[in-house]
Every structure is written in C-alpha cells, then in structure tokens.
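To keep things clear, I will list the structure first and then write my remarks on it.
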Amino acid sequence: MIKKLNSQVKMLQQRGPWKYTHFLMLKLAKSLKIGLNFPYITPKNIDIVYVVHQKDSGALNRSINSLNLIKNIKINNIFIISNNVAHIRTLIKDHRVIFIDEIDVVDFSIDHYPYPLESALPNRSGWLFQQFLKLGWSIQSESENYIVIDADTYFIKPISFFDHRDRFIFFGVEEWWPPYFAAFNLLFNERPPALWSRVAHMMIFNKKNVLRMFAELESIHQVPWHEAIAKTRSLSSHACFSEYETYANWMLLRNPKQCSVRPSYNTNANNPKLNNNCKNFNSISSHSYL
C-alpha cells in the first residue's frame, strides 16, 4: 500500500500546470472578493467541536468568543475534546462548553497507531489521532451537523457554513499537499475531485454522511475505518492524511448537490498586511509553529 501511495504522491507532484492553473483561479476569485459575504437563511441548530492540544489552549477563549460571527446557526453545545480536560477547564468559563476526554470519543488510544518518522521530526501519532477524534465524533454526536474549528483559529467577520441554497460550504485554500490527495485515491480507489485544497482550519461535518463514508471505507478495505486510514501513513512523510481534505473530497464525489465551494478568507496572525486589511479576511489563525 505504501509503495502505491508513494507513486501517487510522485504523480501529483508532477502535475504542475494543472495545479498552478487552479491556484491562479483561486487567487483571482479572492482578489475579486468572491464569496466573502454570506446571505441570511433560516438558522440551524448545530454543535461546535474543538479538539485541543495543550499548546493551543491559550488561544481557545478568543475562538469561542468569536463564534457569534458564524451566521445561520444556533449553537446547541460547544464540545472541547482533550487529553488534559482538567487544565483547559480552568481556562474556559463559557456555560455552553462541555468537556470531553479524548478516550471517550474513539475506542482506541493515541498510541494505537504509531507514526514514527525516518527523519528527525517527532512521532506524529498525536497529530494523526486528533484527526480520528474529529471524524470519530460523528459516531456519538446527537446533532445532525457539527462544525470543527481549529483551536488556534478565530473569526473577525461574519461567516457561514451554509449557502443560500442550504448547501454545505467547503472553503478552498492555496495549500497543495500531494500526500493528502494520494491518500484519498488509495482509500477510495478514485481521484479526488477538488480543484482547491480544503484544509481551511474549519469544516462542517454531517453525521450521516461521515458514517456513510466510514461504511464505504470498511466495505472497500474490510477493516475498521480508522485502520484503513492508518494504513496510508508513510514514514517518509510528516503529514500523510487530512480529515478535512478527505471528507470534503468524498462529499464532492458522492454528494455534489449538497456542496458549495468558496475561497477561504483566512490568514495567519503574523501576516504583516493584517492590521490594514482586516476587512479582507473572515478569520485569523495563530499557529504555534509560526
């Protein structure tokens, strides 16, 4: 499987003209501010989910305080999933928050799928595990839809995850990481349809659709969904799989009429243009690695 994955990565890395054409299309759309504003529709009840590592716990309050900028939803609950609930509980005072220990989300631990690398980078099992938590929440979610937001990301302008036709919005970004697309091909035996990456630091998940995706993975690979995903990890790549990239591409492939694609107007907190151009962004991410 890893040999096939590596060949897929090499093929995707060589698709230069195709990749850059769509990159330029995205840049043009953003320069024209296409999709920056959102219409009002009847609000939907929804849950917010954060999977929080201790390194990002300090940024979490800012993100929670900005949730009122998400249009067209009524928040049922805010779930914070962590392996250090006691520490984070002392930082967060919002009455809507429910703390969940990560061991209660999926039936395996962070060490179940080791992800050591051939390079000097640390073991990446925790990085992979947090993606299992975001997807695995669908198994116990009582809400039809839930929005996952990276803990280091907060909103500065109104945003929505539903368009005027009540479709799910998936945000496109300039990032292009071939292993993510290669993993999708390996998992579903089909090419990913997305023209832009969907790793936008936030995503709306539909419980029924995630469970259907799990069922398809298990039917193809004859193992639990998380084991099928774990097989894509390569010791030569520090990032082998993306929950955002995989789910969005699966939705575009299996349920295209439920999907709407817009550019992501997110930037990082170190962007020198940020102070003068806040109106050009919906959200900001304070990545710890920056």
Side-chain angles (χ1 to χ4, degrees), residues 30 33 35-82 84-85 87-100 130 133-134 137 141 143 145-163 168-175 198-205 243-244 248 260 262-290:
K30 293 182 73 170
K33 308 255 186 326
L36 179 59
N37 299 305
F38 300 86
Y40 175 83
I41 62 171
T42 303
K44 297 178 178 293
N45 293 318
I46 207 163
D47 288 337
I48 305 293
V49 176
Y50 293 96
V51 176
V52 185
H53 188 280
Q54 188 168 338
K55 66 179 175 58
D56 295 319
S57 59
L60 187 56
N61 258 323
R62 175 178 274 184
S63 184
I64 292 173
N65 291 337
S66 72
L67 293 177
N68 64 309
L69 289 171
I70 304 179
K71 298 173 63 175
N72 305 323
I73 68 167
K74 292 181 179 178
I75 298 175
N76 290 329
N77 297 294
I78 302 169
F79 293 99
I80 295 178
I81 302 169
S82 177
N84 197 342
V85 167
H87 167 72
I88 296 177
R89 194 188 298 272
T90 65
L91 304 176
I92 307 300
K93 303 303 181 184
D94 195 297
H95 70 279
R96 298 169 295 175
V97 169
I98 298 173
F99 296 91
I100 307 290
Q130 55 94 18
L133 294 173
K134 293 173 188 176
W137 181 253
S141 174
S143 179
N145 302 299
Y146 62 96
I147 297 172
V148 173
I149 304 169
D150 290 356
D152 61 5
T153 297
Y154 60 97
F155 303 102
I156 59 172
K157 274 192 66 178
I159 193 170
S160 181
F161 291 83
F162 297 96
D163 74 354
F168 301 115
I169 292 177
F170 295 100
F171 297 100
V173 301
E174 291 91 335
E175 176 178 325
R198 301 293 181 264
V199 184
H201 314 299
M202 61 192 78
M203 184 162 287
I204 185 166
F205 292 88
E243 79 285 36
Y244 293 149
S260 176
R262 289 182 177 227
S264 168
Y265 291 92
N266 171 274
T267 188
N268 67 73
N270 290 337
N271 185 344
K273 300 179 181 179
L274 185 57
N275 291 336
N276 298 324
N277 293 282
C278 281
K279 63 182 181 180
N280 294 334
F281 305 104
N282 294 114
S283 60
I284 299 173
S285 296
S286 305
H287 304 304
S288 59
Y289 57 81
L290 296 176

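Treat the numbers as computed from the prediction; the structure is a model and nothing was measured.
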With [X] via side-chain hydrogen bond (donor to acceptor under 3.5 Å, both in side chains) - residues at least two apart:
{"X": "Asn84", "answer": "Gln54"}
{"X": "Lys157", "answer": "none"}
{"X": "Ser283", "answer": "Asn266"}
{"X": "Ser160", "answer": "Asn72"}

Do the side chain of [X] and the main chain of [Y] share a donor and acceptor less than 3.5 angstrom apart?
{"X": "Ser82", "Y": "Val52", "value": "yes"}
{"X": "Asn76", "Y": "Asp47", "value": "no"}
{"X": "Arg262", "Y": "Gly35", "value": "yes"}

Testing the basics here: between [X] and [Y], what is the closest heavy-atom pair and its distance to 0.1 Å?
{"X": "Ala248", "Y": "Met203", "value": "CB-CE, 3.8 Å"}
{"X": "Ser143", "Y": "Asn45", "value": "OG-O, 4.1 Å"}
{"X": "Pro43", "Y": "Lys74", "value": "CB-CG, 4.0 Å"}
{"X": "Tyr40", "Y": "Lys71", "value": "N-NZ, 4.3 Å"}

Nearest 0.5 Å, please: how far is [atom2] in [Y] from [atom1] in [X]?
{"X": "Ile73", "Y": "Asn145", "atom1": "CD1", "atom2": "CG", "value": "10.5 Å"}
{"X": "Tyr146", "Y": "Ile46", "atom1": "OH", "atom2": "CD1", "value": "11.0 Å"}
{"X": "Phe38", "Y": "Phe161", "atom1": "CZ", "atom2": "CZ", "value": "8.0 Å"}
{"X": "Lys30", "Y": "Asn280", "atom1": "NZ", "atom2": "CG", "value": "10.0 Å"}
{"X": "Asp152", "Y": "Ile284", "atom1": "CG", "atom2": "CD1", "value": "11.5 Å"}
{"X": "Trp137", "Y": "Phe79", "atom1": "CH2", "atom2": "CZ", "value": "4.5 Å"}

Go through Tyr244 and Asp150 one step at a time and tell me if the side-chain contact (heavy atoms from CB on, under 4.5 Å) criterion holds. CA-CA 11 Å; Tyr244 293 149; Asp150 290 356; 2.9 Å; yes

Walk me through it: do Ile159 and Tyr265 pass the test side-chain contact (heavy atoms from CB on, under 4.5 Å)? CA-CA 10 Å; Ile159 193 170; Tyr265 291 92; over 6 Å; no

Applying ring-ring contact (aromatic ring centres under 6.0 Å, His included) to Phe205 and Phe168, what does each step give before you reach the verdict? CA-CA 9 Å; Phe205 292 88; Phe168 301 115; over 10 Å; no

Donor-acceptor pairs under 3.5 angstrom involving side-chain atoms of residues 92-100: please list them, not counting sequence neighbours.
{"residue": "Asp94", "atom": "OD1", "partner": "Arg96", "partner atom": "N", "Å": "2.9"}
{"residue": "Asp94", "atom": "OD1", "partner": "Arg96", "partner atom": "NE", "Å": "3.0"}
{"residue": "Asp94", "atom": "OD2", "partner": "Arg96", "partner atom": "NH2", "Å": "2.9"}

Hey, are the side chains of Ile81 and Lys134 touching, using non-hydrogen atoms and a 4.5 Å cut-off?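 In short, these two side chains do not touch, never coming nearer than 4.5 Å.
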
Would you list the atom pairs, donor with acceptor, under 3.5 Å between side chains in residues 58-67 and any protein atom, with sequence neighbours excluded?
{"residue": "Asn61", "atom": "ND2", "partner": "Leu91", "partner atom": "O", "Å": "2.7"}
{"residue": "Arg62", "atom": "NH1", "partner": "Tyr154", "partner atom": "OH", "Å": "3.1"}
{"residue": "Ser63", "atom": "OG", "partner": "Tyr50", "partner atom": "OH", "Å": "2.8"}
{"residue": "Ser63", "atom": "OG", "partner": "Thr153", "partner atom": "O", "Å": "2.6"}
{"residue": "Asn65", "atom": "ND2", "partner": "Asn61", "partner atom": "O", "Å": "3.2"}
{"residue": "Ser66", "atom": "OG", "partner": "Ser63", "partner atom": "O", "Å": "2.8"}
{"residue": "Ser66", "atom": "OG", "partner": "Phe155", "partner atom": "N", "Å": "3.0"}

